[in-house]
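In what follows, chains carry the letters A, B, and so on, assigned in the order in which the sequence lines appear, proteins first and then strands, with residues in each chain numbered from 1.
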Amino acid sequence: MSHNKVVLSVQDLSVNYLTQRGPLKAVSHASFDLHKGETLALMGESGCGKSTLNLALMRLLPGNARVPSGQIIYTRRDGSTVDVLKMGQDHLRRFRWSECSMVFQAALNSLNPVLRVRDMFYDTARAHGEHNQHKVRRRALDLFRKVRLDPERVFNAYPHELSGGMRQRVLIALALLLDPQIVILDEPTTAVDILTQRTIIDVLLSIKDELNFSIIFISHDLSVAAEMADTVGTMYAGEIVEIGPVNDMFYRPRHAYTLGLLEAIPRLSAGAEELTSIPGSPPDLVEPPSGCKFHVRCPFATDICAQEAPPLEAVGERHSAACWHADRVHAKALEFTGAES
Amino acid sequence: MGIDHAIGFGAAATPTGLIIGIVCGLIPLGLGLRKGFVRPALLGFAACVFGGAAAGIWGGLLMIVLTTAVVISYAYVDRQDPFTSRASLDQVNFEETRSDFFIRRMAALGRTTRSATHALVRNKAGFLGFLGLLFFFVMTVFGPLFIEYDGESHMERRRPGASSLYQGPSREFPLGLDWAGRDVLSHVVYGGKNLILVSAEAGLLTTIVAVALGSLAGLLGGVVDQLLSALSNFILTVPSFPLLLVLASVITFDNMTYLALLFAGLYWPTLMRAVRAQVFSLRERDYVQAAMALDLGMFHIIFREVLPNMISYIVVNMIFTIRSAMYNLVGLVFLGMVPIQEPDWGVMIYFGRAKGAIFNPQAASMLISPIIAIALFQLFLVLFTRSLEEIFNPRLRQGL
Amino acid sequence: MSQPLVELRHVDRSFKQGRVMIPVLKDINLTIAPNEIVCLVGESGCGKTTTGKIIVGLLGQSAGDVLYQGRPVGDYRGKERAAYRRALQIVHQDPFASLNSAHTIGQILSYPLKRHKMVASRAELRRRIWELLTLVDLTPPGDVVNKYPHQLSGGQRQRVSIARALTVEPKLIVADEAVSMVDVSIRVSLLKMLHRLRDQLNVAIVFITHDLALAKYFAWEGRIGVMYLGRMVELGPTPEVIGNPAHPYTRALISAIPEADPEVTRHKQRMVLRSEDIPSLTEIPPGCAFHPRCPFYVPGVCDARVPPLGQAPGFRHDVACLPLTHGDGLREYRAPVSEEPG
């Protein structure tokens, strides 16, 4: 994957929300690269900044958000680059959906209840300059087949006639309508049942290979990341604390938070398990802890962790972690996962 | 007369009231200065004086409680309370004396008052509304101290060559003279009291009836709900203002409170429906279900679980009902359906029409002044609701 | 064997929607012993939450019997009835809706204590509140008692909910998806706390969830019941149900769940179901409700009779599947050629 070209490069991105108490640092100095055809999973829990990061990528941030630093460099198919944060409104409209689209959670209210599915597709296409309804219809039905939906029936249905899983797949098809290079998925499987989740994961895996687009998805569900992702990044308190290839992240993590997450999740295939939770709760983002933001809850923390924030450093091939004790974490991780170094 | 006049509401805006206020104010003043909180002490003293002067002993007593509570809340730090200490279970002694308990409760009241005041001030529009209403309050209560009520006709004030007694604003009469040569300003100052009082009464009564019936219908459901809904539907289908007109013209009112009752009787359905809907939705909330599982009782569920979450809604709607009542009242007076009782803003408008003020440019002030007064009052009411929403919003509360 | 705490016998429950009666539960049989852990798992619409509410007494049953300590719950009157209602408590899923934001934590805990006269004085009330908060690991309690719910995190609010349930010293707590809306890293500590409470306070716990892995972890020493479209399709000790699943639906669930282990989850054998459509509760298929989707469907058997929950050879727990309990076991179903679309 690393020899593929970089499609999106996020550099030192920070996002603040203005609140009564002061700026809330929702995202701090996030950096990562997304290659063509790569699936990146951003993992984290409530308050980690992953949703804000997602919104920032498409410039959908609310009114009280400010971007004090950072660049989001997008590479078009012809090779030219542009900073999403500096795009003009016209350009941004074209960027959204034709180059980069988003799949929201499949709640009933993410689809207009008074419009049929086909109207949504026609409207979206029209808004991006595609007025040929036949073409849109053909593409939509083709996409529906790929996501295992009954094409004719769903195309002409109202949202409330579809189940949650079907609505999610409609949203996926809608996101792919204009053949974007990047699709962003926001908690794609969180609100759905086990069997529906399975279908959605299978569908995503098959079309991503077929249509060769890049995926960024955010979730708190590590098991979905284990299935789908090529690269996994963990976020804590607005920072990307570790990022690397999926096998390295799951078997050889180097950041205490990643390890903490792995130790806290029950696995069906393991018999009786010993799990450990991470004590404490997410920090206040208006006045975050000094040094490493995770140090308050970290079992490996020492004095330096409270004084200085560790930089995101390479710890392996394409694998970086922001931890002063990456080695100790690594050793413990090998114990836990039983993997080889 | 006598004692009651001197120390009840009758003491408002009199030297007696002022003295009562000062005496009451000594308590928070003394307490605050002793504890070293000068500003709250002085503010508390001022508030008591104002309360006493404005509403006699009732105002004074109310203010004593509130201001002392506020002063205590400054002096009392929650950490003194073993309940909120950071000690561990075996180290702590939970016994407390009666006086400690009293002080703790007063401090809690004080904190609530302070946070309500902060919420009031925080919203600029709301605070403006509050100041406006305060202005009207002061004008109504204290105005009579400074301005004499000009109730009799003054033929002698007619200007030479003028066809009527109307006069525009001048240095002697800032708002001019009305059809009988009387000072418009004095009418404006004195004319608000009745109107505001009756509107407030009407609003309060309507709200009480609507909340009571709405909660009952919402929580009990079944037959009770069906009966009440049928009744409210029936009243709703009848056009209220025309009915009010007819009833007002048929029944003679010696006491304006009856008018307020009539208004409440016709306008409760709308608010009742809204309250009922709110109660229905709140009933399904998890914490209400938990209260039922814990067998906490109907009384608790109504007054402790459901109503506190509706307070903001109820209070705001009460303000809107007061507004509506005022408009209805002015409408009735303007149409001559209610016996004329001067001074009254509505009556001024009525006479304005009846006595041909519309045709006389000199009479502009007499016509416009009450209209502006009513409109301003309504505006301040609306603005004030913004602050009320903030004050009653439970999510803005901060424990210690 | 000591007397069961709660027993559901042939419990049905239907809801009226317009003119139609929707059968949400059918023929539920469940016995919960004191101090036991039982998990109810299933997807949305399977009836697990309704079962939880019937266990606690928030809902009545449309048919069948609900017994508490051997007696039908309808028989309890007066003081005994009050005691029965207190003995069964529920903790809800949503930490943001389960606590009334108009009250402080101290107030929330004080209401049941005062109402049921569980404390004799104000000092004792405050002591008891501290004890409860310590029990649910909200320490120091002094930091929390005067706070309002919106000032606490989701995990802390769930702890308060549990403490509130404990105020009346219940014998059984139903936790309805109680950790689903809490951060992943905190879930385990909440579950461990529930384990500890069960040991210390002798409380039975019924844990309702759609997350099979979580159910496995929590109920490893207890039982799991799998529900589908209002019926119990499998019930037994957790290691058995998870390690040796019998019912095709359970097998499908287990095979469908992704695991937090890339090698394992990417090479996992997935079971393919014959149909993706979940029948609605108003049109439940005849016989075994799962048969239209079941890869081991036996025509004439599975669509003819409703399978009873019973013993099957080769398994140490109960399953509701006719080929297993009364037949030769599971065989893959091959559709006849004529079914192919023309």
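Taking 4.5 Å as the heavy-atom cut-off, the residues of residues 231-250 of chain A that approach chain C are A:Val246, A:Asn247, A:Phe250, ordered by number. Contacts between residues 258-269 of chain C and chain A, defined by a heavy-atom separation under 4.5 Å, are made by C:Pro258, C:Glu259, C:Ala260, C:Asp261, C:Pro262, C:Glu263, C:Val264, C:Thr265, C:Arg266. Interface residues of residues 267-276 of chain A toward chain C, defined by a heavy-atom distance below 4.5 Å and sorted by number: A:Arg267, A:Leu268, A:Ser269, A:Ala270, A:Gly271, A:Ala272, A:Glu273, A:Glu274, A:Leu275, A:Thr276.
Heavy-atom pairs under 4.5 Å with chain C peak, among A:Arg169, A:Glu263, A:Arg148, at A:Arg169. By number of non-hydrogen pairs under 4.5 angstrom with chain A, the leading residue of C:Asp211, C:Val182, C:Asp137, C:Leu253 is C:Leu253. Ranked by heavy-atom pairs shorter than 4.5 Å toward chain A, the options C:Ala213, C:Gly45, C:Ser44, C:Ser185 are led by C:Ser185. For chain C, the option among A:Thr199, A:Thr189, A:Leu261, A:Leu222 with the highest count of heavy-atom pairs below 4.5 Å is A:Thr199.
Only the side chain of A:Ile201 comes within less than 4.5 Å of a heavy atom in chain C; its backbone stays farther off. Heavy-atom distances place no part of A:Pro279 under 4.5 Å from chain C, backbone and side chain included. Within the 4.5 angstrom heavy-atom criterion, only side-chain atoms of C:Leu273, from C-beta onward, approach chain A. With a 4.5 Å cut-off on non-hydrogen atoms, C:Ile242 touches chain A through its side chain but not through its backbone.
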Exercise. List the steps, then state whether side chain to side chain donor-acceptor pair (under 3.5 Å) holds for C:Gln156 with A:Ser281.
Key: CA-CA 9 Å; C:Gln156 289 173 311; A:Ser281 33; 5.1 Å; no
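A salt bridge links C:Arg270 with A:Glu227: the distance from a Lys NZ or Arg NE/NH1/NH2 to an Asp or Glu carboxylate oxygen falls below 4.0 Å.
In this structure, A:Leu195 and C:Arg293 approach most closely via the heavy-atom pair CD1-NH2, 3.7 Å.
For C:Asp94, there are no side-chain hydrogen bond (donor to acceptor under 3.5 Å, both in side chains) partners, not counting sequence neighbours.
Atom CD of A:Glu161 has more than 12 heavy atoms from other residues, nucleotides or ligands within 6.0 Å. Heavy-atom neighbours of C:Arg196 CZ from other residues, nucleotides or ligands within 6.0 Å: above the threshold of 12.
With values rounded to the nearest 0.5 angstrom, A:Glu45 atom CD is found 9.0 Å from C:Arg187 atom CZ. Put simply, OG on A:Ser277 and CG on C:Asp183 are 11.0 Å apart, with the number rounded to the nearest 0.5 Å.
Side-chain N or O atoms of A:Gln197 include none that pairs as donor or acceptor with a backbone N or O of C:Ile257 at under 3.5 Å.
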